[in-house]
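Within every chain, numbering begins at 1; the chains are lettered A, B, ... in the order of the sequence lines, protein sequences first and strands thereafter. Because the structure is a prediction, the values reported are computed rather than measured.
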2 protein chains.
Amino acid sequence: MTASVPEVRTRREGAAAAIRRSIILGQVEPGQKLREVALAAELGVSRPTLREALLLLTHEGLCEQEPHRGFSVATLDEQAVRDLAETRLTLDRLAAVTIAGDPAKCRELAQAWAAYEAAGHNPDPLAQHLAHVEFHRAMWAASHNDTLTRLWPTVDALSTLVLAQDQVMRGDPGRAVHLHGRIVDAVASGSSDAIEAALNAHTRQSAEEFIASRIQRPHS
Amino acid sequence: MTASVPEVRTRREGAAAAIRRSIILGQVEPGQKLREVALAAELGVSRPTLREALLLLTHEGLCEQEPHRGFSVATLDEQAVRDLAETRLTLDRLAAVTIAGDPAKCRELAQAWAAYEAAGHNPDPLAQHLAHVEFHRAMWAASHNDTLTRLWPTVDALSTLVLAQDQVMRGDPGRAVHLHGRIVDAVASGSSDAIEAALNAHTRQSAEEFIASRIQRPHS
DNA sequence: CCCTCCAGATTGTCAAACAAAACGTGTTCC
DNA sequence: GGAACACGTTTTGTTTGACAATCTGGAGGG
């Protein structure tokens with residue numbers, strides 16, 4: 001499997017990657033303003049280049065922008081987390097069902113799984129995050145659905161926002177890997193019920209646990 | 001119902017709207033290069049502003065961009081059209097089922113339908129297109145699913161690319177309105193089977209007819 | 001035919017400037 | 001006390017002009 005590290009070919013992509021990384025690592029908070037002049041100086045790019053990077057992240061969903069009011073790190077409320085879970089469930093199901101019907105696609109998924117299993121226990125939170133996200137991207141890619149490929153950056157960004165805050169999942173990488181193993185087994189079995197159950201455990205239950213953990217520890 | 005004409009608050013949004021309009025009306029072809037210097041002059045904006053507009057359209061999916069090679073109007077092959085139909089089916093179903101379970105959401109959909117019925121027979125192709133797209137946007141909005149709202153621009157752009165080429169649908173606005181009426185009736189009935197059948201007729205069958213019409217009249 | 005080279009075209013980026021909009025603070029009025 | 005207004009400051013949105021980097025197309029040679 002080709003490792004799908006996004007190739008940085010422009011300074012705008014590099015700036016976007018740096019900002020994305022700081023969001024993943026929690027170095028900036030949801031809702032935090034991102035000041036163009038200071039951030040451009042900090043990243044060593046010109047302001048128009050930074051704007052292009054921030055617009056990229058905004059179109060994906062990691063940042064939010066209002067005309068004349070600037071950019072900020074995106075926020076997701078409880079209902080938005082549930083909406084993401086429901087929508088992911090339906091799109092993950094489409095991907096999984098498409099893969100289950102095709103042996104070549106199943107092999108691609110198995111390769112993605114092997115890579116995740118190898119990388120998912122890494123103690124570095126950034127590496128864990130990237131391995132997790134890469135597994136899902138590879139699963140969608142294995143379905144060879146053009147539209148899913150196009151929708152992936154948005155779903156990736158929303159998932160990233162949740163995962164960056166999700167201490168439950170982050171504190172137990174073994175559990176995360178196990179949940180994803182169940183998905184792979186279900187797809188390989190070809191059973192719609194098994195796929196549904198595995199995706200449900202992965203997506204809907206994880207979202208509810210995340211929401212519950214935030215209620216116990218309100219942020220502000 | 002508030003008419004959801006996107007408010008143009010920045011010159012970048014205005015430039016993007018003008019380019020979007022020329023794509024809808026077929027004034028530019030799929031695959032056609034969009035030259036920054038000429039296009040900026042034509043639209044009366046500076047080049048960085050045009051770039052921001054083009055990046056917006058690229059993130060949505062109406063345009064494609066490769067570093068150092070510039071922007072072009074996006075293209076969709078047959079498989080991509082089918083992938084869009086399948087993905088739309090699954091997301092439309094999610095929206096429809098969410099709406100069917102909630103009377104307030106059903107009322108919102110009925111309002112969207114009334115607006116489309118009033119506007120959908122307009123002989124102006126741009127008005128038809130906008131009415132069609134607005135109905136779908138309003139249907140997703142009626143589901144109040146945050147993630148669907150975020151995914152909408154991409155699905156809108158892909159659907160726009162297909163509709164801009166779809167002479168079958170464009171040549172028969174009455175049929176298009178009828179298909180959408182079936183969706184509304186199915187949602188109001190609350191029957192999953194009826195929803196599935198109506199969405200299938202709308203989405204999968206229309207995609208196959210479109211693909212068939214292109215095979216009969218190859219573009220080049 | 002294929003390969004190499006190069007001039008021209010185009011894109012990516014930067015710096016500086018300025019207009020427009022928003023923000024924060026202080027003052028006045030009810 | 002709260003609301004409205006004025007004003008200075010900060011920030012964003014955009015333009016202009018320049019230049020470096022990359023790509024493209026055509027010419028020439030083997």
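- Contacts of B/Pro48 with the nucleic acid, taken as non-hydrogen atoms under 4.0 Å apart, include base atoms.
- Between B/Arg11 and the phosphate of D/dT15, there is a side-chain N or O to OP1/OP2 separation shorter than 4.0 Å.
- One side chain, A/Thr160 or A/Asp156, offers a donor N or O that lies under 3.5 Å from an acceptor on the other.
- When each of A/Leu50 and B/Arg9 is assigned the nucleotide of DNA chain C with its nearest heavy atom, A/Leu50 is the one assigned upstream, toward the 5' end.
- Taking the six-membered ring for Trp and thresholds of 30 and 60 degrees, A/His132 and A/His136 have ring planes inclined between 30 and 60 degrees apart.
- Residue B/Arg47 is in base contact, counting any heavy-atom pair closer than 4.0 Å across all strands shown.
- When each of B/Leu91, B/Thr87, B/Asp92 is tested with B/Thr203 by the rule side-chain contact (heavy atoms from CB on, under 4.5 Å), just one qualifies, namely B/Asp92.
- Here the C1' atom of nucleotide D/dC23 and the CZ atom of B/Phe71 are 16 Å apart, to the nearest Å.
- For B/Arg51, a side-chain nitrogen or oxygen approaches OP1 or OP2 of C/dG12 to under 4.0 Å.
- You won't find any donor-acceptor pair under 3.5 Å spanning the side chain of A/Arg69 and the base of D/dG13, going by distance alone.
- For the residue pair B/Thr90 and A/Arg93, no side-chain donor N or O sits within less than 3.5 Å of a side-chain acceptor on the partner.
- Here the C1' atom of nucleotide D/dT15 and the CD atom of B/Glu52 are 12 Å apart, to the nearest Å.
- When atom types are taken as modelled, the side chain of A/Glu86 and the backbone of A/Arg82 share no donor-acceptor pair closer than 3.5 angstrom.
- A sub-4.0 Å separation between OP1 or OP2 of C/dT11 and a side-chain N or O of B/Gln65 is absent.
- For the pair B/His68 NE2 and D/dA21 P, the computed distance is 10 Å after rounding to whole Å.
- In this model, the phosphate group of C/dT11 is approached by a side-chain N or O of B/Arg35 to a distance below 4.0 Å at OP1 or OP2.
- Comparing A/Val45 and B/Glu36 by the nucleotide of DNA chain C whose heavy atom lies nearest to each, the residue mapping closer to the 5' end is B/Glu36.
- The shortest distance between the side-chain N/O atoms of B/Thr49 and the OP1/OP2 oxygens of D/dG13 is not below 4.0 Å.
- Atom CD in A/Glu64 sits roughly 16 Å away from atom P in D/dT12 (whole-Å rounding).
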